[in-house]
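Only one structure is covered here, and it is reproduced in the block below.
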Amino acid sequence: MLIAGSDTAAHRSVRVVKAAVYYETGSPDVFRYEDVPDPTVYPGGVLIDVEAISVEGGDTLNRAVGEMTGRPHIVGYQCAGTIRAVGEGVTDRQVGQKVVATMMSGSHAAMVVVPSIITWPIPDGADVIACACVPVAFGTAHDCLFEFGRLQAGESVLVQAGAGGVGLAAIQLAKRAGATVLATASSDERLSRIAPFGVDHGINYRDDGWVDAVRGATGGAGVNLVVDSVGGRVLVGSLQCLAYRGRCITVGQAGRDPQPLDVSVLAMGNQSLTGVFLGAEIVNERTRTMIGGLVDEVAAGSLQVLVDRTYPLADAAAAHAYIESRKAVGRVVLIP
Ligand SMILES: NC(=O)c1ccc[n+]([C@@H]2O[C@H](COP(=O)([O-])OP(=O)(O)OC[C@H]3O[C@@H](n4cnc5c(N)ncnc54)[C@H](OP(=O)(O)O)[C@@H]3O)[C@@H](O)[C@H]2O)c1
C-alpha cells in the first residue's frame with residue numbers, strides 16, 4: 001500500500017505494510033496489528049509478498065520471552081509468498097517466483113526481505129500454505145533423525161510431542177525410513193489424530209507411567225533414539241527411555257519448564273545426549289539441498305503437512321493463544 005508521506009513538498013511517498021508486532025514480550029495479547037515501513041531489498045536478498053506464515057514453536061517462545069531486535073519487534077521464523085524484487089547479485093531467483101523463506105525474525109508481516117540463500121522455490125501449482133510449513137519443522141526433524149540421530153532401518157525411535165510441527169514431520173520421516181515409531185502427546189484424542197501419520201505406539205505422556213509404557217512397548221529394551229522438542233521434565237524421562245547405546249536428541253523447550261538434568265545417568269548405558277540447532281546448519285549446501293528435497297516432497301504429496309487452522313495475520317494473538325492451549329495438531333498458519 002502507498003500512502004502520502006508528510007514531506008508533500010518533495011512528493012515523497014512512504015510505502016507501509018501490515019505486520020503483527022509487539023513492544024514487549026509476554027502473553028499473546030502483546031500483539032498489535034500495525035503499519036510498519038516496508039523492507040528494502042539489499043544485495044543478495046529477495047523481497048517477498050507474503051501469502052502464508054507458518055507459526056513455528058519457536059515463534060510462541062520468542063513472543064513470550066525471546067529477544068527483540070527493536071521496538072516494535074516482528075517475530076517469526078518462516079513464511080512463503082511471491083518474490084516482488086531481487087537484490088543485486090541474485091541470479092537464481094526471479095520476480096514472480098513463489099518461495100518459502102526462513103529468517104531469524106520478521107515473518108509475521110505482509111512483506112519480508114531475506115537473503116536468497118535461505119529461500120526455497122515452491123514448485124508450480126503446489127499448495128503455498130503447505131510449503132510454507134516445511135523448512136524448519138521438516139529440516140529439523142530430518143537432522144535430528146539422520147544427520148545427528150543416525151537412525152537406521154529396524155531401530156526404534158520415540159518422538160516426543162508428536163502432534164507438534166517437528167513431531168509430525170519426524171513421525172513421517174522415521175516411519176518411511178523403516179523405524180518403529182513411538183510418539184507422545186498430551187491426550188488420547190491427540191494421539192488418535194496423529195496415528196495415521198505412521199505412529200506404531202502412541203503414548204499419553206500426561207499419564208505418570210509413560211516411561212514404563214515406552215519401555216513396555218519395546219519389550220523392556222528401551223528405544224534406540226529419542227527426538228525431544230519438549231525439554232524439562234520430559235527430557236529427564238526421555239533419557240530413562242533409552243536402550244543400551246541409545247541416543248537422545250534435545251532440540252527444543254516447548255514444555256517451558258527447565259529442570260536440572262543429571263547426565264551421569266547416561267554412562268552406564270553408553271548412551272548419548274546431543275543438542276541440535278538447525279539454524280547453525282541452514283546455509284550449508286547439505287542442509288539447503290535436504291530442505292529443498294523436503295519442500296518438493298510436500299509439494300508432490302509424498303510427505304504431509306497438517307494445517308490445523310488458519311487465521312488472518314490481524315488475529316496473530318488468537319493464533320498464538322490457540323497454539324498455547326495445546327489444542328492444535330500440526331501447524332497454525334497466518335494469512336496476511
Ligand atoms: N533447535 C532447533 O533447530 C529447533 C527447530 C525447530 C523447533 N525447535 C523447538 O522445538 C520445539 C517444538 O517446535 P514445534 O515447531 O514442533 O512446536 P509446535 O508445533 O508448537 O508443537 C509443540 C508441541 O509441544 C507440546 N507441548 C508440551 N508442553 C507444552 C507446553 N507447555 N506448551 C505448549 N506446547 C507444549 C505440544 O503437544 P502436546 O500438548 O501434545 O504435549 C505441542 O504440540 C520448540 O521449543 C521450538 O523452539 C527447535
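Just follow the structure's listing: the first ligand is 1, and inside any ligand the first atom is 1.
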Q) Under 4.0 angstrom from ligand 1, any heavy atom of E324? A) no
Q. Which protein heavy atom lies closest to atom 32 (N) of ligand 1, and at what distance to 0.1 Å?
A. A254 O, 3.5 Å
Q. Relative to the heavy atoms of L61, which atoms of ligand 1 are at a distance of less than 4.0 Å?
A. 45 (O), 47 (O)
Q: Using a strict cut-off of less than 4.0 Å between a Lys/Arg side-chain nitrogen and an Asp/Glu carboxylate oxygen, indicate whether R309 and D315 qualify as a salt bridge.
A: no
Q) Among K327, E189, R326, which one has a heavy atom closest to atom 26 (N) of ligand 1? A) R326
Q.
Would L278 count as a polar contact of ligand 1, with the cut-off being nitrogen or oxygen pairs under 3.5 Å?
A. yes
Q) What's the spacing between S229 OG and I249 CD1 if we round to 0.5 Å? A) 12.0 Å
Q: Report yes if some N/O of V251 lies less than 3.5 Å from some N/O of ligand 1; otherwise report no.
A: yes
(Q) Please list, in number order, the atoms of ligand 1 under 4.0 Å from a heavy atom of G164. (A) 16 (O), 19 (O), 21 (O), 43 (O)
Q) Among all protein non-hydrogen atoms, which one is nearest to atom 42 (C) of ligand 1, and what is the separation to 0.1 Å? A) R190 NH2, 4.0 Å
Q. When you look for heavy atoms under 4.0 Å from ligand 1, do you find them on the side chain of S229, its backbone, both, or neither?
A. both
Q: Please could you name the atoms of ligand 1 that G165 approaches to less than 4.0 Å, counting only its heavy atoms?
A: 16 (O), 18 (P), 19 (O)
Q. For ligand 1, which atoms sit closer than 4.0 Å to a heavy atom of Y205?
A. 25 (C), 27 (C), 38 (P), 41 (O)
Q: Quick one: pull up CD1 in I118 and CD in Q78 and give me the separation to the nearest 0.5 Å.
A: 10.5 Å
**Q.** Approximate separation, where rounding is to 0.5 Å, of E147 CD and L278 CG
**A.** 11.0 Å
Q. Does the pair D35/K18 count as a salt bridge with the N-to-O cut at 4.0 Å?
A. yes
Q) Starting from atom 20 (O) of ligand 1, which protein heavy atom do you reach first, and at what distance in Å? A) G57 CA, 3.7 Å
Q) For S54 and E56, does a side-chain donor sit closer than 3.5 Å to a side-chain acceptor? A) yes
Q | Protein contact of atom 15 (O) of ligand 1 - nearest heavy atom, named by residue and atom, plus distance | A | R331 NH2, 2.8 Å
Q: Tell me which protein heavy atom sits closest to atom 7 (C) of ligand 1, plus the residue, atom name and distance to 0.1 Å.
A: V166 CG2, 3.7 Å
Q: Specify the protein heavy atom at minimum distance from atom 45 (O) of ligand 1: its residue, its atom name, and the distance to 0.1 Å.
A: Q253 N, 3.0 Å
Q) Starting from atom 39 (O) of ligand 1, which protein heavy atom do you reach first, and at what distance in Å? A) S186 OG, 2.6 Å
Q. Checking side chain to side chain contact (heavy atoms under 4.5 Å, CB included) against Q160, which of V227, L235, V226 comes through?
A. V226
Q) Can you tell if the side chain of P121 reaches within under 4.5 Å of the side chain of D92, non-hydrogen atoms only? A) no
Q | Polar atom proximity, V230 to ligand 1 (N or O, under 3.5 Å) | A | no
(Q) If the cut-off is 4.0 Å to any non-hydrogen atom of G58, which atoms of ligand 1 fall inside it? (A) 46 (C), 47 (O)
Q: State the atoms of ligand 1, each with its element, that fall below the 4.0 Å cut-off from a heavy-atom position in A185.
A: 40 (O)
Q | Heavy atom of the protein closest to atom 5 (C) of ligand 1 (residue, atom name, distance) | A | T140 OG1, 3.1 Å
Q | Polar side chain donor-acceptor pair, T60 to R256, under 3.5 angstrom | A | yes
Q. Roughly how far apart are D257 CG and R233 CZ, rounded to 0.5 Å?
A. 4.0 Å
Q: Could you list the atoms of ligand 1 found under 4.0 angstrom from a heavy atom of A161?
A: 23 (C), 24 (O), 25 (C)
Q) How long is the span from the CE atom in M111 to the OG1 atom in T82, to the nearest 0.5 Å? A) 11.5 Å
Q.
Heavy-atom pairs closer than 4.0 Å: do any link ligand 1 to the side chain of T60, the backbone, both, or neither?
A. neither
Q.
I'd like to check which ligand 1 atoms, numbered from 1 as shown, lie under 4.0 Å from a non-hydrogen atom of G255.
A. 28 (N), 29 (C), 31 (N)
Q. Quick one: does NZ or CZ of K327 land under 6.0 Å from the six-membered ring centre of Y322, within 45 degrees of the ring axis?
A. no
Q. Distance from E51 atom CD to L334 atom CG, nearest 0.5 Å?
A. 14.5 Å
Q. So, S156 versus N224: side-chain donor-acceptor pair below 3.5 Å or not?
A. yes
